[in-house]
Every structure is written in C-alpha cells, then in structure tokens.
Amino acid sequence: MKIKFLEANCGDSIIISFVDDQGKIRNILIDGGTGETYSSKRRKGELYYVIEDICNKGQAIDLLILTHIDNDHIGGILKWFEEDKRFSSIVKNVWFNSGKLIAEYFKQPENPDLNVGLNIFRNAYTGVSEAEGLEEILLKYGMWDRKIILRGQNVNQYGVAIQVLAPNESQLRELLEEYRKVNNDPAYTAAKKSDWGIDLKTFIEEEKNGFNFKEQKEPKNGSSIAIILTIEGKKLLLLGDAPPGNVISALNSLGYIEDNPLEVDLFKISHHGSQYSTSKDLLKLVRTDKYIICTDGSGNSKHPDKRTIARIIDVNPKANIYFNYEHIGQKLFSDSDCEDFKEFRIGTIMELENGEG
C-alpha cells in the first residue's frame, strides 16, 4: 500500500494505491485540492502527474471521495474534469453528498448555493454544448450511484474497509438549509493573524487554565466526510475538514473512550490544523505516533494554527508530526519550542512515504 498526501496548496488531496485481494492494483483518491493542484498557467500540479501515471499504467481511480464542496478540496477535481476528457473512463465510483442529493434525501427544496458548476465544458472535444454542473457530469458518465454518505455506514470492497464517522443527518440538513455563498464579505475574506510567533509552552499552559475551546460551526466543513480506512493491516483516520464534536460522538458510539482509544497508524488532522477543528478531547480518543497536517500556509486562514500543534504535543509529547510542505515545519517552531519539548519530531510527508519516519 502506498499513500501520498499531494502538495495541494491550502487544501487536501490524498491518493492511496494498493493491491486488492485478487492481485489487481486499485486507487482511491480523496479530494483534489485547489485548482492549481491539477494545473495552472505556470505549471502542472501533482494531481496532474498522479492522473497521468494512473492512465499510463492502465489503471483506474476505483473510488473518488469528495469530502465536501470547499474549493480547496474539489477545485483540482473540477480542473481535471474540465481539461481532460479521459476522466469519464478513469473514475469508476464517486462518493459525493451533492446539494440535490441532500435535498432529495430530506424531501426539501434544493439550495441553489450548493450547485457546483464546471467552467470549460463548452469545448468541442467533450461533445458538451453548454457548461454543466458536477452532479450532471457524474451522472452523465455513470460514475456516481447517488448514494448519500452518512455516519455509521461500513463499506468493504477490494480488501479495504471504510467506516464513515461523519457527517450525520443534522450536519447535512444544516448545510442544505443554512449554507449561503458569500462574496466579498469582510467576515469571510479578512485575513486571520498567524499565531506562529507564540511558543508552544504558552499555549499549553493557557489551555490548562480554563481555556474555552470553540468548535467551528461552518456548514460546509460540518458536512465533511470523515472515515476510518483499514487496508493491508493499516488503519488510517482521515477527517477531511470535519469538526471534532461529531467525530468524538461517532468514536464513542464505536466504544472508543480515553481509556480505550482508537489505535491508528496515521491520523490526518482535520481542516489543515485549524484550532477550531481539533480538540484535546478528540486527541485523547486516538492513539498514534504519526500525525499529518496538509497545507502550505497560504490563504486567509493561515493554517496550521500553532495552538493545534501544542494540543497534539500536550496529549502526546512523543508525537511525530508530518507536513506536506517542508517550509511549514521549518518556520513553525522556535528554538525555545525545541528546548522545552525535546521528544516530539517534525518531518515531511516525503520522509514518511520513503519509510524514514
């Protein structure tokens, strides 16, 4: 089994390749990062080369999971579909809680703000005369069985087991009823101040003295698909952008508590290390020595939040924390951080992929 966390700018894109129980190579792609993860005017991105490699080897993407509709998770997929007509023969199955599907599930009117369009589908080689939405394209080419993805579902295929932890029905209903597109709203577009200049020790001491954790309430992130994926004896916890409360509830329902934590080989931290998406209560429910944070630090959010890193180290002083961009680990920690906490280790995804971590 090979797992690669692509350089997806401020977003997520994960490719998992493995040999199934019949000896055939299978691929699972989870999200596609921003549009530049596939291509930009300046260069081709990592997703482009992943797709080319799969095509050249005569393989397929056996499952494409679109965790939620944020551009930093589906932008690269949209760009791929817009630029490469081969997508329809490569993708075999899709998990996607679309706006129309959610509306049908609840027997409610559609929310037009949840529609995801494609921009370049007018070109001649596709045979599509007008730009179409992502849902229409998935159906048109038979890649999507329109099955709603919800907490509690278990899928076993190709020798892989997937347990769905999130979203639950209330999170999807909230997305349907409350999500609105926002353009040039200062509350959404204003840049957040980075907390990288604060020492880990300061955060840890502050949180031991009555710090009030605030969970994110954004409907799109709340609707994110979060899973436990078990493959070739390895267990991966992949949370997309899911908030901690409902993940904790899902883990509790499976019998995991602080004295009986979920043991995983790898934990992909939610929402690029946002301090509103990873609580100490969640961290105490998961036992691992490998934590993954995906982001290049760009965008208004300035992820990862160093406060999140402090929580990880407070719960697990020997944590190995891996970033998919080397400069994040280099810039995030001060000399005093390394002096105060000598046991934790930082590394890059490449080290982990090469077996060095």
(request) Keeping the roles fixed (side chain from H272, backbone from C294), state whether a donor-acceptor pair exists under 3.5 Å. (result) yes
(request) Compute whether any side-chain donor of one residue and acceptor of the other, for N316 and Y291, lie under 3.5 angstrom apart. (result) yes
(message) To the closest 0.5 Å, what do you measure between SG (C55) and CD1 (I90)?
(response) 3.0 Å
(request) Using the rule that two of Ile, Leu, Val, Met, Phe, Trp, Tyr join whenever any of their side-chain heavy atoms come within less than 4.5 Å, decide whether V286 and F213 are in one cluster. (result) no
(request) Using distance alone, with no hydrogens and no angle criterion, decide if Y179 and E174 have a side-chain donor and acceptor under 3.5 Å apart. (result) no
(message) Just checking H271 against H73, ring centres under 6.0 Å apart?
(response) no
(request) Measure across N93 and W95 and return the closest heavy-atom pair with its distance rounded to 0.1 Å. (result) ND2-NE1, 4.1 Å
(request) Could you tell me whether K268 and D12 have a side-chain N and a carboxylate O separated by less than 4.0 Å? (result) yes
(message) Between S279 and D281, do the side chains contain a donor N or O and an acceptor N or O under 3.5 Å apart?
(response) no
(request) Taking atom types as modelled, find out whether S39 and E83 have a side-chain donor-acceptor pair closer than 3.5 angstrom. (result) yes
(request) Consider only side-chain heavy atoms of I, L, V, M, F, W and Y, link residues closer than 4.5 Å, and tell whether F18 and I25 are in one cluster. (result) no
(message) If the test is side chain to side chain contact (heavy atoms under 4.5 Å, CB included), which one of I328, I309, I349, L332 qualifies with I293?
(response) I309
(request) Heavy atoms only: give me the nearest A319-I312 pair and the separation to one decimal. (result) CB-CG2, 3.8 Å
(message) Can a side-chain donor-acceptor contact be found between S270 and D241 if the only test is distance below 3.5 angstrom?
(response) no
(request) Determine whether the side chains of E7 and N324 contain a donor N or O and an acceptor N or O closer than 3.5 Å. (result) no
(request) For the pair K220 and D70, find out whether any cationic side-chain nitrogen is under 4.0 Å from an anionic carboxylate oxygen. (result) yes
Hey, can you pull the donor-acceptor pairs under 3.5 Å for the side chains in residues 249-258, sequence neighbours left out?
| from | atom 1 | to | atom 2 | distance (Å) |
| --- | --- | --- | --- | --- |
| S249 | OG | R151 | NH1 | 3.1 |
| S249 | OG | R151 | NH2 | 3.4 |
| N252 | ND2 | Y256 | O | 2.8 |
| S253 | OG | A250 | O | 2.6 |

(message) Which heavy atom of M143 sits nearest to which heavy atom of S88, and what is that distance?
(response) SD-CA, 4.1 Å
(message) For a quick check under 3.5 Å, do T308 and D305 share a side-chain donor-acceptor pair by atom type?
(response) no
(message) Angle between ring planes, F333 versus F344, binned at 30° and 60°: parallel, tilted or perpendicular?
(response) tilted
(request) For the pair K92 (side chain) and S89 (backbone), establish whether a donor and an acceptor sit closer than 3.5 Å, ignoring hydrogens and angles. (result) yes
(message) With rounding to the nearest 0.5 angstrom, report the CZ to CD1 distance, F211 to I204.
(response) 13.0 Å
(message) Any donor-acceptor pair under 3.5 Å linking the side-chain atoms of Q59 with those of N27?
(response) yes
(request) For the pair K302 and D195, find out whether any cationic side-chain nitrogen is under 4.0 Å from an anionic carboxylate oxygen. (result) no
(request) Compute both the distance and the angle, then confirm whether R26 meets the cation-pi test with Y158: under 6.0 Å from the six-membered ring centre, within 45 degrees of the axis. (result) yes
(request) Could you pull out all residues at least two apart from Y276 that satisfy ring pair (Phe, Tyr, Trp, His ring centres under 6.0 Å)? (result) none
(message) My understanding is that only residues two or more places apart in sequence, or in another chain, count here; which of them pass side chain to side chain contact (heavy atoms under 4.5 Å, CB included) with E205?
(response) K201
(request) Rounded to the nearest 0.5 Å, what's the gap from OH on Y38 to CG on L6? Could you check? (result) 13.0 Å
(message) Working note: S334 + D337, criterion side chain to side chain donor-acceptor pair (under 3.5 Å); need CA distance, chi angles, decisive distance, verdict.
(response) CA-CA 5 Å; S334 66; D337 289 332; 3.2 Å; yes
(message) Between Q108 and L176 (side chain of the first, backbone of the second, donor and acceptor by atom type, cut-off under 3.5 Å), is there such a pair?
(response) no
(request) Step through it carefully: locate the ring centre of Y322, locate the ring centre of F267, and say whether they are under 6.0 Å apart. (result) no
(message) With a 4.0 Å cut-off on N to O distance, would you call D289 and K318 a salt bridge?
(response) no
(message) Hydrophobic clustering (ILVMFWY, side-chain heavy atoms < 4.5 Å, transitive) - are I292 and I227 grouped together?
(response) yes
(request) Please determine if D145 and K147 form a salt bridge, counting it only when a charged side-chain N lies under 4.0 Å from a carboxylate O. (result) no
(request) Spell out, as yes or no, whether a donor-acceptor pair under 3.5 Å connects the side chain of R311 to the backbone of Q275. (result) yes
(request) Look only at the side chain of D20 and the backbone of Q22, and say whether a donor-acceptor pair between them is shorter than 3.5 Å. (result) yes
(message) Can a donor-acceptor pair be found, under 3.5 Å and without considering hydrogens, that links the side chain of N154 to the backbone of Q163?
(response) no
(message) Testing the basics here: between S13 and G33, what is the closest heavy-atom pair and its distance to 0.1 Å?
(response) CB-N, 3.8 Å
(request) Tell me whether I69 is reachable from V94 by hopping between hydrophobic residues (I, L, V, M, F, W, Y) whose side-chain heavy atoms are closer than 4.5 Å. (result) yes
(message) Check this for me, if you would: do R173 and E178 make a salt bridge, where the nitrogen-to-carboxylate-oxygen distance has to be below 4.0 angstrom?
(response) no
(request) Inspect the contact between K235 and D265 and indicate whether a charged nitrogen and a carboxylate oxygen are less than 4.0 angstrom apart. (result) no
(message) Hydrophobic clustering (ILVMFWY, side-chain heavy atoms < 4.5 Å, transitive) - are V264 and I3 grouped together?
(response) no
(message) Taking R146 first and then E104, would you say they form a salt bridge - that is, a charged N and a carboxylate O separated by under 4.0 Å?
(response) yes
(request) Answer yes when K57 and E52 have at least one side-chain N-carboxylate O distance shorter than 4.0 Å, and no when they do not. (result) no
(message) Do the side chains of E36 and K41 get close enough for a salt bridge, i.e. N-O under 4.0 angstrom?
(response) no
(request) Would you check if there is a donor-acceptor pair between the side chains of E135 and S98 at a distance under 3.5 Å? (result) yes
(request) Would you please say whether a donor-acceptor pair under 3.5 Å links the side chains of D31 and T67? (result) yes
